[in-house]
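Indexing begins at 1, ligand by ligand and atom by atom, following the structure's order.
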Amino acid sequence: MEVIICKDYDEASAKAYEVMKGVISAKDDATLGLATGSTPIGLYKNMIKDHKENGVSYAKCHSFNLDEYVGIDRNHEQSYYTFMHENLFNHIDIKEENVNLPYGDDQAACDAYEKAMDGYKIDIQVLGIGANGHIGFNEPGTSFDSLTHIVDLQEKTISDNARFFNNDMNLVPKKAITMGIATIMKAKKVLLIATGANKADAVYGLVKGEVTESLPASILQKHPDVVVVVDEAAASKIK
Ligand code: F6R
């Protein structure tokens with residue numbers, strides 16, 4: 001595991017883009033594993049900038065996202081499908097038919113997503129990390145053997161997300177579909193970005209803690225090619 005400590009969010013986003021660019025320059029038809037959340041937005045801005053200014057192309061790339069809510073339409077303003085289009089896909093030349101997000105509420109949808117990914121093999125998986133060490137929607141206690149599965153969202157996640165749904169918890173989806181831990185571990189390379197003091201404990205567990213299902217991201221210690229990009233605040237407990 002390589003850990004790169006940056007000054008702040010902007011420097012971490014630029015460094016994360018360097019790692020991403022290394023992969024796409026070596027392979028113009030790379031398969032990208034992508035994440036939502038606030039953390040990768042800076043990385044996506046760098047991807048968009050280099051595409052617009054220097055023509056870095058994603059025309060031959062495929063992408064697979066980590067997760068999606070269950071129970072809201074893809075075109076809902078808060079779906080991860082919408083998030084990805086607004087923050088990345090609409091601004092680069094990736095083809096719509098090459099972008100994939102999990103979608104559905106049953107095992108068949110999960111199996112189909114696994115099968116689709118197996119056909120491509122993810123060259124680089126972008127991850128954020130939850131303050132409790134979650135990756136994707138894999139909360140503490142998720143089996144390290146898990147593949148794409150449906151999860152019940154925790155009460156805390158539902159209340160945290162209410163701000164995106166008119167502050168009405170009843171409108172917040174109660175389930176999600178997510179790549180599992182074993183799915184994430186199949187990626188050839190993992191790029192995890194963490195910024196902000198509220199991620200410091202999770203980053204400690206990820207880098208220096210015991211490998212335990214209580215801190216899902218800790219399994220990445222066993223992955224052969226992981227780059228962790230953190231800012232000073234998120235790195236405060238690993239120095
Ligand atoms: C996003 C995802 C989540 C986030 C994590 C951090 O697709 O699966 O695991 O990466 O919750 O979220 P932010 O970046 O908003 O702090």
- Item | Spatial distance of atom CD (Q154) from atom CG (D160) [nearest 0.5 Å] | 10.5 Å
- Would you say ligand 1 has an N or O under 3.5 Å from any N or O of L127? no
- So which heavy atom in the protein is nearest atom 10 (O) of ligand 1, and how far is it from that ligand atom? G128 CA, 3.4 Å
- Message: Regarding E18 and K15, does a basic nitrogen lie under 4.0 Å from an acidic carboxylate oxygen?
- Response: yes
- Note on the structure: atom 6 (C) of ligand 1 has as its nearest protein heavy atom I129 O, 3.4 Å
- NZ-CD distance between K7 and E232, expressed to the nearest 0.5 angstrom: 9.5 Å
- Pairwise distance CG(N138) to OG(S146) - rounded to 0.5 angstrom: 5.0 Å
- May I ask you to identify, for N65, whether its side chain, its backbone, both or neither come under 4.0 Å of ligand 1 on a heavy-atom basis? neither
- Numbered atoms of ligand 1 (with element) below 4.0 Å of L66, judged on heavy atoms: 7 (O), 8 (O)
- Query: When rounded to the nearest 0.5 angstrom, what is the spacing between CD1 in I129 and CG in L220?
  - Reply: 8.0 Å
- Query: What's the shortest distance from atom 16 (O) of ligand 1 to any protein heavy atom, and which residue and atom give it?
  - Reply: K199 NZ, 2.7 Å
- Counting heavy atoms only, which part of T36 comes closer than 4.0 Å to ligand 1: side chain, backbone, both or neither? both
- Message: Check the orientation of H85 and F89. Use parallel for under 30°, tilted for 30 to 60°, and perpendicular for over 60°.
- Response: perpendicular
- ring-ring contact (aromatic ring centres under 6.0 Å, His included), paired with Y80, selected from F64, Y69, Y103, F164: Y69
- Query: Does any N or O atom in S38 lie less than 3.5 angstrom from one in ligand 1, N or O only?
  - Reply: yes
- Query: Considering only the protein, which heavy-atom contact is closest to atom 3 (C) of ligand 1, and what is its distance?
  - Reply: G136 O, 3.6 Å
- Task: Starting from atom 8 (O) of ligand 1, locate the nearest protein heavy atom and write down its residue, its atom name and how far away it is, to 0.1 Å.
- Result: D67 OD2, 2.5 Å
- When you measure from the side chain of S79 to the backbone N and O of R74, does any donor-acceptor pair fall under 3.5 Å? yes
- Under 4.0 Å to a heavy atom of G37 - the qualifying atoms of ligand 1, by number: 14 (O), 15 (O)
- Closest non-hydrogen protein atom to atom 5 (C) of ligand 1, residue and atom name please, with distance? H134 NE2, 3.4 Å
- Message: Heavy atoms only, cut-off 4.0 Å: how does T39 contact ligand 1, side chain, backbone, both, or neither?
- Response: both
- Message: With salt bridge (charged side-chain N to carboxylate O under 4.0 Å, His left out) as the criterion, how do D105 and K175 come out once you've worked through the C-alpha distance, each side chain's angles and the decisive distance to 0.1 Å?
- Response: CA-CA 8 Å; D105 59 2; K175 288 177 188 277; over 6 Å; no
